[in-house]
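Given the structure is predicted, the values throughout are model-derived calculations rather than measurements. Numbered from 1 within each chain, the chains take letters A, B, ... in sequence-line order.
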Amino acid sequence: MPLRLYNTRTRSTQSFVPLRDDGVRIYVCGLTPSAQAHLGHARSFIFFDLLRRYLLHRGYRVTYVQNVTDIDDRSIAAAAETGKRWDEVVAQFYASFKDSMKKLGVRDPDVEPYATRYVPQIIETIASLLERGHAYVAQDGVYYRVASFPSYGELSHRRIEELEAGARVAIDEAKDDPLDFALWKFAKPGEPSWPSPWGSGRPGWHIECSAMSRALLDPEGIGFDIHGGGADLIFPHHENEVAQSEPLMERPPMAQFWVHGGLLLRDGKKMSKSLGNFEPLAQVLDRHDPQAVRLMFLQTGYGKVMNYTEESLLAARSVLERLKASYRAAASARGPGTGGALLARIEAALDDDMNTAVALSALLDAKAREAGVEELYSALDLLGLTPDVAWEQSPIAALPPQFLERVAAELSVGPGIDLDATKPQEVLERLIALRVQARARKDWAESDRLRKALAAGGIEVHDDREGTTWSVVS
RNA sequence: GGCGACGUAGCCAAGUGGUAAGGCAGGGCUCUGCAAAAGCCCCAUUCGGCAGUUCAAAUCUGCCCGUCGCCUCCA
């Protein structure tokens with residue numbers, strides 16, 4: 001069965017077939033690091049990470065490009081506010097963003113091009129547009145002439161006349177038409193700038209994506225497979241990209257599929273940098289398990305508007321615990337497995353326009369654990385919820401820092417263990433063994449003392465019918 | 001004003017013509033030295049409202065109500 005994806009441009013779900021034989025090419029509009037990233041960014045990039053994982057899972061080679069808009073009005077403004085250089089501001093916010101992505105299981109893009117490193121390609125693109133009559137030089141910059149591109153509005157399904165009629169398009173004296181947009185902005189005194197044939201300045205917001213996607217994914221000018229981003233980018237950003245790119249192509253369209261992630265609302269209201277009603281992503285990830293955050297997003301269709309509250313975050317944590325319990329059960333059961341039935345269910349769900357909610361329900365099915373650890377692992381990994389040592393609670397690498405010190409502090413008299421000369425994992429195993437013995441002889445005082453000591457070291461002990469297990473307290 | 005999305009149990013959410021997935025919360029049972037968890041079971045005669053099409057509708061059509069988004073920086 002083919003993967004079916006919703007295409008914004010056609011407003012329909014279509015079968016995905018790569019344009020070229022040598023793999024799938026994806027361009028996703030990345031971050032403008034002029035402020036802290038928020039959960040809405042996380043939702044979007046988690047989805048495109050998932051799409052990429054699934055294409056790889058299906059055996060495609062995938063080239064995934066995600067740009068970094070490192071120069072724009074806001075990074076200049078942020079620099080002015082903080083007294084730092086604009087590129088320092090960008091570096092700082094981007095590093096924090098990358099750190100959050102890593103925690104969320106979002107893998108690094110294959111290429112992360114910075115706008116300012118592609119200025120020659122950008123200038124070349126603008127020059128071509130000028131040559132072909134799609135652009136003009138004005139007093140304060142170079143502008144794209146929207147009227148020169150007849151299919152303008154096709155992606156976002158807007159008509160030029162309607163846009164013209166909209167009272168909210170700012171009137172700018174320098175432009176020939178209110179709909180025209182900047183390709184190149186001449187620098188005002190003190191602003192960072194790059195030389196160009198028309199005057200020193202900086203790229204307009206949209207042009208970098210046209211120049212960089214062409215340079216990195218489509219040198220032939222026949223388009224690439226998937227262009228992604230948040231739904232708020234459909235207009236004007238992606239519409240403008242199309243207008244810039246397609247007149248210069250051998251064979252439009254720019255992208256076979258335009259895939260957009262639904263926006264995330266916080267307590268019923270849109271989050272955005274300009275509204276400022278968001279909590280920084282890094283802060284959310286300090287309070288909540290990043291895997292629970294990822295899981296929360298998997299419960300809702302990627303393209304839908306989604307509202308989140310503190311409660312939904314907490315509910316996701318419970319779901320994660322269930323998954324872990326299921327995984328543990330599978331790990332200890334060593335059953336024959338179901339021979340791929342679980343993965344097949346998940347693949348079928350993802351084939352249906354990446355229906356993660358249904359995929360997840362397969363994983364939460366009581367029968368899921370019968371699939372066996374290996375298949376369960378693959379399924380979880382496919383969704384980016386890769387089980388780590390803490391899921392299995394056996395291996396040792398997950399022992400909290402200062403485990404030994406804390407246990408030693410609690411256990412003032414060592415019960416036949418040399419805490420100083422022993423590895424943490426050996427101490428742990430030893431203490432667990434001692435406690436099992438204590439329980440066997442119904443020495444509840446000793447048993448509880450050991451439980452308490454282990455708890456101090458960050459280890460929670462569970463006794464059940466099968467015996468004693470432990471887990472790292474997160 | 002133009003364009004669009006959504007409205008399914010207390011909450012989140014899948015399903016888009018064939019008779020309501022899944023999760024959270026809640027309730028019951030089993031297990032249990034403690035502590036904690038786990039397992040099993042129950043939990044919408046009904047899908048914002050009203051008409052209509054159909055043998056059959058949460059799913060299609062029309063109208064109405066409500067919430068949100070885009071049209072300006074935005075993932």
Side-chain angles (χ1 to χ4, degrees), chain A residues 8 11 28-32 34-35 37-48 66 69 72-74 77 97 153 156-159 161-170 179 205 228-237 239 260-265 268-275 278 281 295-296 298-301 303-309 311-326 328-329 349 352 355-366 369 438-439 442-445 447-448 451-452 455 460-466 469-471 473:
Chain A
T8 302
R11 280 188 178 163
V28 173
C29 284
L31 198 71
T32 302
S34 56
H38 54 63
L39 256 192
H41 297 111
R43 182 188 185 197
S44 192
F45 296 118
I46 285 172
F47 169 69
F48 287 108
Q66 186 175 298
T69 306
D72 82 322
D73 295 348
R74 284 171 300 146
F97 168 73
S156 57
H157 302 95
R158 284 157 215 265
R159 286 202 301 267
E161 313 84 76
E162 285 165 356
L163 291 167
E164 295 278 10
R168 300 182 69 181
V169 177
L179 290 183
W205 175 33
D232 51 349
L233 296 182
I234 298 171
F235 189 90
H237 183 55
E239 192 67 60
H260 291 100
L263 294 190
L264 182 69
L265 307 181
K269 279 283 188 300
K270 186 197 170 179
M271 306 196 308
S272 74
K273 290 172 185 173
S274 62
L275 291 178
F278 67 88
L281 177 57
L295 191 52
M296 176 179 79
L298 294 177
Q299 294 179 99
T300 303
K304 288 204 165 178
V305 174
M306 173 180 173
N307 183 35
Y308 91 94
T309 61
E311 195 192 350
S312 36
L313 245 8
L314 291 171
R317 194 175 64 181
S318 301
V319 178
L320 182 63
E321 287 310 316
R322 244 179 91 94
L323 282 181
K324 286 184 179 180
S326 201
R328 265 182 239 123
D352 181 17
N355 192 331
T356 50
V358 169
L360 200 58
S361 72
L363 222 35
L364 288 163
D365 193 310
R369 62 190 58 188
R439 294 185 74 231
K442 299 194 189 294
D443 183 351
W444 308 125
S447 167
D448 287 346
R451 170 192 290 284
K452 206 177 157 199
E460 192 170 80
V461 182
H462 311 289
D463 305 310
D464 60 27
R465 252 171 298 192
E466 314 293 317
T469 58
W470 59 271
S471 59
V473 178

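Distances shown here put a side-chain N or O of A:R369 below 4.0 Å from the OP1 or OP2 atom of B:G39. Phosphate contact (OP1/OP2 of B:C70, side-chain N/O of A:R158, threshold under 4.0 Å): absent.
Going from atom NE2 of A:H38 over to atom P of B:C73 covers 16 Å, rounded to whole Å. Distance A:I234 CD1 to B:U72 C1': 16 Å, rounded to the nearest Å.
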Pick out the pairs of N or O atoms, protein on one side and nucleotides 7-16 of chain B on the other, that lie under 3.5 Å.
residue	atom	partner	partner atom	Å
B:A14	OP1	A:G301	N	3.0
B:A14	OP2	A:K304	NZ	3.3
B:A14	O3'	A:N355	ND2	3.1
B:G15	OP1	A:N355	ND2	2.8

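Listed candidates were B:C34, B:A75, B:C73. Nearest to the side chain of A:D448 is B:C34. Residue A:V319 has its side chain nearest to B:C24 when only B:C70, B:C68, B:C24 are considered. The A:L265 side chain lies nearest to B:C68 when the options are B:C70, B:C68, B:G33.
For A:T300, the side chain to side chain donor-acceptor pair (under 3.5 Å) test picks out no residue, with sequence neighbours left out. For A:S361, there are no side chain to side chain donor-acceptor pair (under 3.5 Å) partners at least two apart in sequence or on another chain.
Taking the C1' atom of each, B:A20 and B:U8 are spaced 8 Å apart, rounded to whole Å.
Evaluation of atom-type donor-acceptor distances gives no pair under 3.5 Å for the side chain of A:D232 against the base of B:G69. In the interface, the side chain of A:S318 is not paired with the base of B:G23 through any donor and acceptor atom under 3.5 Å apart. A:R451 contributes a side-chain N or O that forms a donor-acceptor pair with the base of B:C34 under 3.5 Å.
Distance check, rounded to the nearest 0.5 Å: OG1 of A:T8 to CD of A:E239 gives 11.0 Å.
Annotation: of the two residues near RNA chain B, A:F235 and A:S156, the 5′-most nearest-nucleotide partner is A:S156. Taking for each of A:R11 and A:S44 the nucleotide of RNA chain B with the nearest heavy atom, the 5'-most of the two is the partner of A:R11.
Base pairing of B:U45: no nucleotide in any strand meets the Watson-Crick or G-U wobble criterion (both distances under 3.5 Å). In this entry B:U67 has B:A5 as its Watson-Crick or G-U wobble partner, both defining distances falling under 3.5 Å.
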